[in-house]
Amino acid sequence: MKPEIDSNKIVVFTGAGISAESGLQTFRDSNGLWNDFRVEDVATPEAWASNPELVLQFYNDRRKQAFDAAPNAAHDAVTRLEEKYEVIVITQNVDDLHERSGSTNVIHVHGQLKYARSSNNDSLLYLYDEGKPIQVGDVCDEGSQLRPHIVWFGENIQNYELARKHLVTAGRVLVVGTSLSVYPAAGILKKARFNAEKIIITRQIDKKPSGYKLLRGSATTLVPSVIGDWLNGKKVI
Ligand code: APR
């Protein structure tokens with residue numbers, strides 16, 4: 001028996017495209033990170049084992065860029081949605097622009113740049129905000145080298161069950177700025193209910209998820225427009 005849909009609950013599921021207009025690179029666009037770096041060199045446990053300095057440098061650069069960036073009109077519109085609805089942000093992004101915009105319930109499924117983690121004890125996290133770099137020799141209380149608190153390819157996603165629970169009961173789902181290329185994160189969207197209002201905003205996507213209305217364009221234009229309709233009690237036409 002599926003739980004009741006909550007018409008007051010909105011899940012906003014985001015990817016790198018929502019932070020693009022804050023100046024942060026996406027991954028798979030023509031100027032994306034995976035054009036500049038190979039995943040195997042900087043975003044796998046094997047990369048960490050063979051060249052920790054390169055991996056640390058990759059995330060230190062991104063941590064500094066994220067700290068220097070500011071939330072944009074799309075992040076701020078998502079924050080405004082909380083005036084009228086229970087809003088759960090589920091993000092693949094590792095920046096903290098949603099939190100800095102004012103969103104109060106943000107679930108990260110791929111980790112967060114602003115924390116370092118013991119490489120031997122997942123429960124030991126250390127705040128590395130203000131763009132602070134993690135260096136070789138930075139160790140946890142148990143003496144192990146600190147690593148980025150990021151989900152690498154081949155590692156388990158974070159908060160999957162919590163994210164799924166919210167998708168199943170959401171009355172509305174707004175997806176913003178993701179190519180839906182990476183599973184299981186992208187697969188969580190399939191848990192949204194048939195009669196929930198479902199919208200995806202993105203510049204371009206290979207395969208639109210079934211049941212979602214696709215609005216092509218930039219997040220800073222389309223997200224405030226959709227959220228304005230929802231705040232005025234209107235369905236998005
Ligand atoms: N407005 C709206 N959408 C945009 C904008 C913008 N200004 N700029 C880019 N986009 C869209 C692109 O069209 C694309 O569909 O955002 C999406 C970005 O896709 P990816 O670069 O694949 O980023 P994302 O979907 O977040 O990647 C998922 O892959 O490498 C892993 O862990 C990494 O969390 C990341 C995951």
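Both counts, for ligands and for their atoms, begin at 1 and track the order of listing.
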**Study point:** Donor-acceptor contact present, side-chain S144 to main-chain C140, <3.5 Å
**Key:** no
Check your understanding: Any idea which protein heavy atom is nearest atom 3 (N) of ligand 1, and the distance to it?
Key -> R203 N, 3.3 Å
Study note, to complete from the structure: Nearest non-hydrogen protein atom to atom 28 (C) of ligand 1, with distance, is Q92 OE1, 3.5 Å
Check your understanding: Taking Y59 for the side chain and I150 for the main chain, is one N or O donor matched with an acceptor at less than 3.5 Å?
Key -> no
Point to revise | Gap between atom OG1 of T91 and atom CD1 of I18 - 0.5 Å precision | key: 7.5 Å
Review point. To the nearest 0.1 Å, how far is atom 1 (N) of ligand 1 from its closest protein heavy atom, and which atom is that?
Key: A219 N, 2.9 Å
Exercise for review: Go through the structure and list residues passing side chain to side chain contact (heavy atoms under 4.5 Å, CB included) with V182, not counting sequence neighbours.
Suggested key: R28, H110, F153
Considering only distance and modelled atom types, tabulate donor-acceptor pairs under 3.5 Å from the side chains of residues 203-217, sequence neighbours left out.
{"residue": "K208", "atom": "NZ", "partner": "Y212", "partner atom": "O", "Å": "2.6"}
{"residue": "Y212", "atom": "OH", "partner": "L189", "partner atom": "O", "Å": "3.3"}

Revision key, fill the gap. Atoms of ligand 1 under 4.0 Å from any heavy atom of T178, numbered from 1 in the order shown, are 15 (O), 16 (O), 17 (C), 24 (P), 25 (O)
**Study point:** Check: R28 N/O within less than 3.5 Å of ligand 1 N/O
**Key:** yes
Check your understanding: In this structure, are over 12 heavy atoms from other groups packed under 6.0 Å from N31 atom CG?
Key -> yes
Revision key, fill the gap. Nearest non-hydrogen protein atom to atom 6 (C) of ligand 1, with distance, is G17 O, 3.5 Å
Review point. At under 4.0 Å between heavy atoms, which part of F153 makes contact with ligand 1: side chain, backbone, both or neither?
Key: side chain
Exercise for review: Would you mind checking which non-hydrogen protein atom is closest to atom 11 (C) of ligand 1, with the distance to 0.1 Å?
Suggested key: T202 OG1, 3.3 Å
Check your understanding: N/O to N/O below 3.5 Å, does that happen between S218 and ligand 1?
Key -> no
Point to revise | Protein heavy-atom partner closest to atom 34 (O) of ligand 1 - residue, atom, separation in Å | key: H110 ND1, 2.9 Å
Exercise for review: Taking only heavy atoms of G217 into account, list the atoms of ligand 1 that are under 4.0 Å away from them.
Suggested key: 1 (N), 2 (C)
Check your understanding: How does V182 reach ligand 1, by side chain, by backbone, by both or by neither, if only non-hydrogen atoms under 4.0 Å count?
Key -> side chain
Exercise for review: Give the atoms of ligand 1, by number and element, whose distance to some non-hydrogen atom of G177 is under 4.0 Å.
Suggested key: 3 (N), 16 (O), 17 (C), 18 (C)
Exercise for review: Give a yes or no on this: more than 12 heavy atoms of other residues, nucleotides or ligands lie within 6.0 Å of atom CD of E4.
Suggested key: no
Practice item. Start with the C-alpha distance between N121 and E142, add both sets of side-chain angles, then the distance that settles side-chain hydrogen bond (donor to acceptor under 3.5 Å, both in side chains), and finish with yes or no. Key: CA-CA 9 Å; N121 180 342; E142 295 170 355; 3.1 Å; yes
Point to revise | Proximal atoms of ligand 1 relative to E21 (non-hydrogen, under 4.0 Å) | key: 1 (N), 6 (C), 7 (N)
Check your understanding: Looking at ligand 1, does any of its N/O atoms fall within less than 3.5 Å of an N/O of A20?
Key -> no
Study note, to complete from the structure: Within 4.0 Å of some non-hydrogen atom of G15, the atoms of ligand 1 are 26 (O)
Exercise for review: Give me the ring orientation class for Y115 and H149: parallel if the planes are under 30° apart, tilted from 30 to 60°, perpendicular past 60°.
Suggested key: perpendicular
Point to revise | Enclosure of K191 NZ (heavy-atom neighbours >12, cutoff 6.0 Å) | key: no
Review point. Identify the closest protein heavy atom to atom 35 (C) of ligand 1: which residue and atom is it, and at what distance?
Key: F27 CE1, 3.5 Å
Review point. Taking both backbone and side-chain atoms of A16, is any N or O found less than 3.5 Å from an N or O belonging to ligand 1?
Key: yes
Exercise for review: Treat each ILVMFWY residue as a node, draw an edge where side-chain heavy atoms are under 4.5 Å apart, and state whether Y85 and I201 are in one component.
Suggested key: yes
Review point. Do the rings of W34 and F27 sit parallel, tilted or perpendicular, given the 30° and 60° boundaries?
Key: tilted
Point to revise | Test item, D29 contacting ligand 1 (heavy atom, 4.0 angstrom) | key: yes
Point to revise | For W34, the ligand 1 atoms whose distance to one of its heavy atoms is below 4.0 Å | key: 30 (O)
